[in-house]
Structures are given as structure tokens and as C-alpha cells.
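Because the structure is a prediction, the values reported are computed rather than measured.
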Amino acid sequence: MSIEPTSGPAIRLLSVDFDCPDPAELARFYGTALDLPVIYSSDDFILLGREGSPGLGFIRVADYRRPTWPDPSQGKQAHMELGVDDLDAAQARMLALGAVEPPVQPHPDERRVLLDPAGHPFCISTQD
């Protein structure tokens, strides 16, 4: 199967984000293991990385439940964050490629949550 490049809005990987009960704890673990500094921090989100490169994010989830992989009863909790210049154009392109828009959009002016064809959530965002 060949995937031909098509013209459209530029889309770039910003980060891969992990749900967790304590972002600081998980950021310390990965930051130390991968020698990555904190480039953004709030009470509920920490981003590790280097300016201009994709990073690793850690998001506080109040009712977090650990993955039970390989037992599918509690799935994996990670998603990609993709950077775009135009949310509407990028969303239209992703929907045309087979993504689905879920009914909930927490911050639609900053980012859009979409589901890939297998149901995995990912975000498109105008934030760099």
C-alpha cells in the first residue's frame, strides 16, 4: 500500500501525552530516564522536551486507573498532540482521512479532539 503525499494544511507532532494521577512524578521518571527538561508546567500538565522538538506530556486525571495491558479491561492512556496552523482546515482534512469527531470538545478554540479510525483519541492544536 502506497500513501501519496497530498497538499493540505501542515500538521506536525507536538507531543505524546500520558494520563496519570501525578504529572510531576511521571515527569521526574521520564525526564531523568531520557534527560529531558521541563518546558511547561502547571498543576495538571507537565511537558518535557526541547524547544522545536516534539515532547512528552503528562496529564492529571482525577479518577485515573492504571492500564491492565495486556488484559484489555482497562486500555492504554496515551494520545498524540498534533500542531496545526488552521484548526478548521486541519480538522476537515483529518475527517476526510477517516477521523471521527467525538461529541465533547473541552477547548475547541485551542484544540480539537478527534478519534482515529480505530477509536484512539488525538488532538490537533494551534499551540506550539
Listed by chain and number, what are the side chain to side chain donor-acceptor pair (under 3.5 Å) partners of [X], not counting sequence neighbours?
{"X": "His107", "result": "none"}
{"X": "Asp22", "result": "none"}
{"X": "Asp86", "result": "none"}
{"X": "Glu25", "result": "none"}

Once you round to the nearest 0.5 Å, how far does OG of Ser15 lie from CG of Leu47?
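One finds 5.5 Å between OG of Ser15 and CG of Leu47.
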Could you walk me through whether Phe18 and Ile59 pass the side chain to side chain contact (heavy atoms under 4.5 Å, CB included) test, one step at a time?
CA-CA 6 Å; Phe18 294 88; Ile59 301 169; over 6 Å; no
Met94-Val16 co-clustered via ILVMFWY side chain contacts under 4.5 Å:
yes
Check for me, please, whether Leu95 and Leu97 land in the same ILVMFWY cluster - side-chain distances under 4.5 Å, paths through other members count.
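Per the 4.5 Å side-chain linkage, Leu95 and Leu97 are co-clustered.
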Identify the two heavy atoms, one from [X] and one from [Y], that lie closest to each other, and give their separation to 0.1 Å.
{"X": "Phe58", "Y": "Pro23", "value": "O-CB, 3.5 Å"}
{"X": "Leu114", "Y": "Gln91", "value": "CD2-CG, 4.2 Å"}
{"X": "Pro117", "Y": "Gly98", "value": "CG-O, 3.8 Å"}
{"X": "Leu87", "Y": "Ile124", "value": "CD2-O, 3.5 Å"}
{"X": "Ile46", "Y": "Ala27", "value": "CG2-CB, 3.6 Å"}

Can you find a heavy atom in the side chain of Leu82 that is under 4.5 Å from one in the side chain of Cys123?
no
Side chains of Arg111 and Thr126, heavy atoms from C-beta outward: is any pair under 4.5 Å?
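Contact flag for Arg111/Thr126 side chains = no.
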Using the test side chain to side chain contact (heavy atoms under 4.5 Å, CB included), find all partners of [X] that sit at least two apart in sequence or belong to another chain.
{"X": "Ser42", "result": "Tyr40, Phe45"}
{"X": "Phe29", "result": "none"}
{"X": "Ser53", "result": "none"}
{"X": "Pro102", "result": "Gln105, Val113, Leu115"}

Pairs flagged by salt bridge (charged side-chain N to carboxylate O under 4.0 Å, His left out) wherever residues 36-46 is involved - sequence neighbours left out
Asp44-Arg60
Between Arg12 and Asp85, is there a side-chain N and carboxylate O pair less than 4.0 Å apart?
yes
Is it the case that the side chain of Ser125 and the backbone of Gln127 share a donor-acceptor pair, with hydrogens and angles ignored and the cut-off at 3.5 Å?
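Between the backbone of Gln127 and the side chain of Ser125 there is a qualifying donor-acceptor contact (under 3.5 Å).
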For Ala89, is there any backbone N or O sitting under 3.5 Å from a side-chain donor or acceptor partner on Arg93?
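No, because the side chain of Arg93 does not come within donor-acceptor range (under 3.5 Å) of the backbone of Ala89.
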Donor-acceptor side-chain pairing of Gln74 and Arg66 below 3.5 angstrom:
no
Among Asp35, Leu36, Ile39, Leu34, which one satisfies side-chain contact (heavy atoms from CB on, under 4.5 Å) with Leu48?
Leu36
Partners passing salt bridge (charged side-chain N to carboxylate O under 4.0 Å, His left out) against Asp109 (at least two apart in sequence or in another chain)
none
